[in-house]
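Just below is one structure, and these are the notes that go with it.
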Amino acid sequence: MSATPSVSRPVTVPGFRAAKARGEKLAVVAAYDYTSARLAEEAGADCLLVGDSLGMVVQGHSTALPVTLGQIAYHTKCVVRGAQRALVVADMPFLSYQVSPAQAVKNAGRLIKKAGAHAVKLEGGQRMADAVRAVVNAGIPVMGHIGLTPQSVHLLGGFKVQRDAGQLLADAKAVEEAGAFSLVVESVPTDVGAKLTQAVAIPTIGIGAGPSCDGQVLVYHDLLGLFTDFQPKFVKRYADLSSQVRSAIEAYCSEVRDGTFPGPEHGFR
Ligand code: KIV
C-alpha cells in the first residue's frame with residue numbers, strides 16, 4: 001500500500017489493517033491544506049493526517065495546545081478537497097475529547113459529518129480507552145496515539161522520549177481493545193517500538209519509534225525542510241525547500257525592484 005501505489009483505489013480503514021496483515025508499510029503525511037494534500041497524495045501517501053502540529057508549523061505556537069476544533073475542521077475541509085485516494089484522519093485537539101466520552105463522540109462526529117474526515121485521531125492509552133470505545137461505537141474509526149503525547153507536554157515535563165515499556169504495552173493493548181484501527185507511536189526507544197508492533201494486530205504508525213513499525217508519519221513541513229525552527233531527532237529532511245523558497249522570493253523581489261518583472265509576456269494587449 002506504500003508509495004507509488006499500483007492501483008488508485010481509495011485507502012480505507014479495513015485496507016489499513018489489511019496492509020499490516022500483508023506486511024506492507026504505510027506512509028502517512030501530516031498535511032494541512034489543499035495543495036500539500038494533493039502533492040502528498042500524488043507522491044503516494046496512503047494517509048493524510050490533519051495534525052494539531054499545525055499549531056506549531058502553521059500558527060507559530062510553541063505547542064499544539066491552543067489549536068481549536070474549529071481550526072482542525074477548517075484545515076480538514078481543505079485537505080479533503082485535495083485528497084482523492086488517501087485516508088484523511090483529523091486530529092482531535094486538546095480538550096475536545098478528554099472531558100468525557102460523550103464530548104469525544106460529539107466532537108469526532110463534527111469532524112466526520114461537517115469537515116469530511118474519514119477517521120479521527122486522539123491521544124492517550126489506558127486513560128483514554130473509554131473515549132476511543134465510545135467514538136468507535138458511534139461508527140467513527142479511531143487512530144490512537146501513545147508514547148509522547150504532545151497534548152500532555154506539561155504533564156510529561158517536555159517533549160521527551162517515553163521509556164516505560166510496561167505502561168506503553170498496556171496503553172497499546174487498551175487502545176486496540178477499545179477498537180482503534182491503528183496506533184501512532186511517538187518517541188519511544190526502537191526496541192520498544194518493535195515490541196509494541198508485535199503485540200498488537202492493528203498497524204503501528206511510528207514517529208521516532210524505529211523501523212519495525214507498520215508505517216511512519218512525518219509532518220509535511222518537516223520532511224520538506226520548510227520548518228526550520230528546530231529539528232526533532234526523528235525528522236529526516238528529504239528536501240531543503242526553505243532555502244529554495246527564500247532564493248525564489250529573493251529573485252522575485254530583486255526583479256520587481258530592477259523592473260525585470262513583469263516582462264512583456266506577463267502583460268495583456
Ligand atoms: O499532530 C500531528 O501532526 C501528529 C503526528 C506528528 C503524529 O500527531
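Everything quoted here is computed from the prediction, not taken from an experiment. In listed order, ligands and their atoms are each counted from 1.
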Linking directly or through intermediates, with side-chain heavy atoms under 4.5 Å: list the remaining ILVMFWY members grouped with Ile146, chain and number order. Leu168, Leu169, Val175, Leu183, Val185, Val188, Val192, Leu196, Val200, Ile202
Under 3.5 Å, which donor-acceptor pairs do the side chains of residues 106-113 form with other protein atoms, sequence neighbours left out?
unit_1: Asn107; atom_1: ND2; unit_2: Ser96; atom_2: O; d: 2.7

Write none if no such pair exists; otherwise list each N/O atom of ligand 1 with its protein N/O partner under 3.5 Å and the distance.
unit_1: ligand 1; atom_1: 1 (O); unit_2: Asp52; atom_2: N; d: 3.1
unit_1: ligand 1; atom_1: 1 (O); unit_2: Asp52; atom_2: OD1; d: 3.0
unit_1: ligand 1; atom_1: 1 (O); unit_2: Ser53; atom_2: N; d: 3.0
unit_1: ligand 1; atom_1: 1 (O); unit_2: Ser53; atom_2: OG; d: 3.2
unit_1: ligand 1; atom_1: 1 (O); unit_2: Asp91; atom_2: OD2; d: 3.2
unit_1: ligand 1; atom_1: 3 (O); unit_2: Ser53; atom_2: OG; d: 2.5
unit_1: ligand 1; atom_1: 8 (O); unit_2: Lys121; atom_2: NZ; d: 3.0

Please determine if Asp46 and Arg85 form a salt bridge, counting it only when a charged side-chain N lies under 4.0 Å from a carboxylate O. yes
For Val235, the option from Ile207, Asp222, Leu223 that meets side-chain contact (heavy atoms from CB on, under 4.5 Å): Asp222
Could you give all pairs that pass the salt bridge (charged side-chain N to carboxylate O under 4.0 Å, His left out) test and reach residues 167-178, with sequence neighbours left out? Arg133-Glu177
Just by distance, with hydrogens left out, do Gln98 and Glu123 show a side-chain donor and acceptor under 3.5 Å apart? no
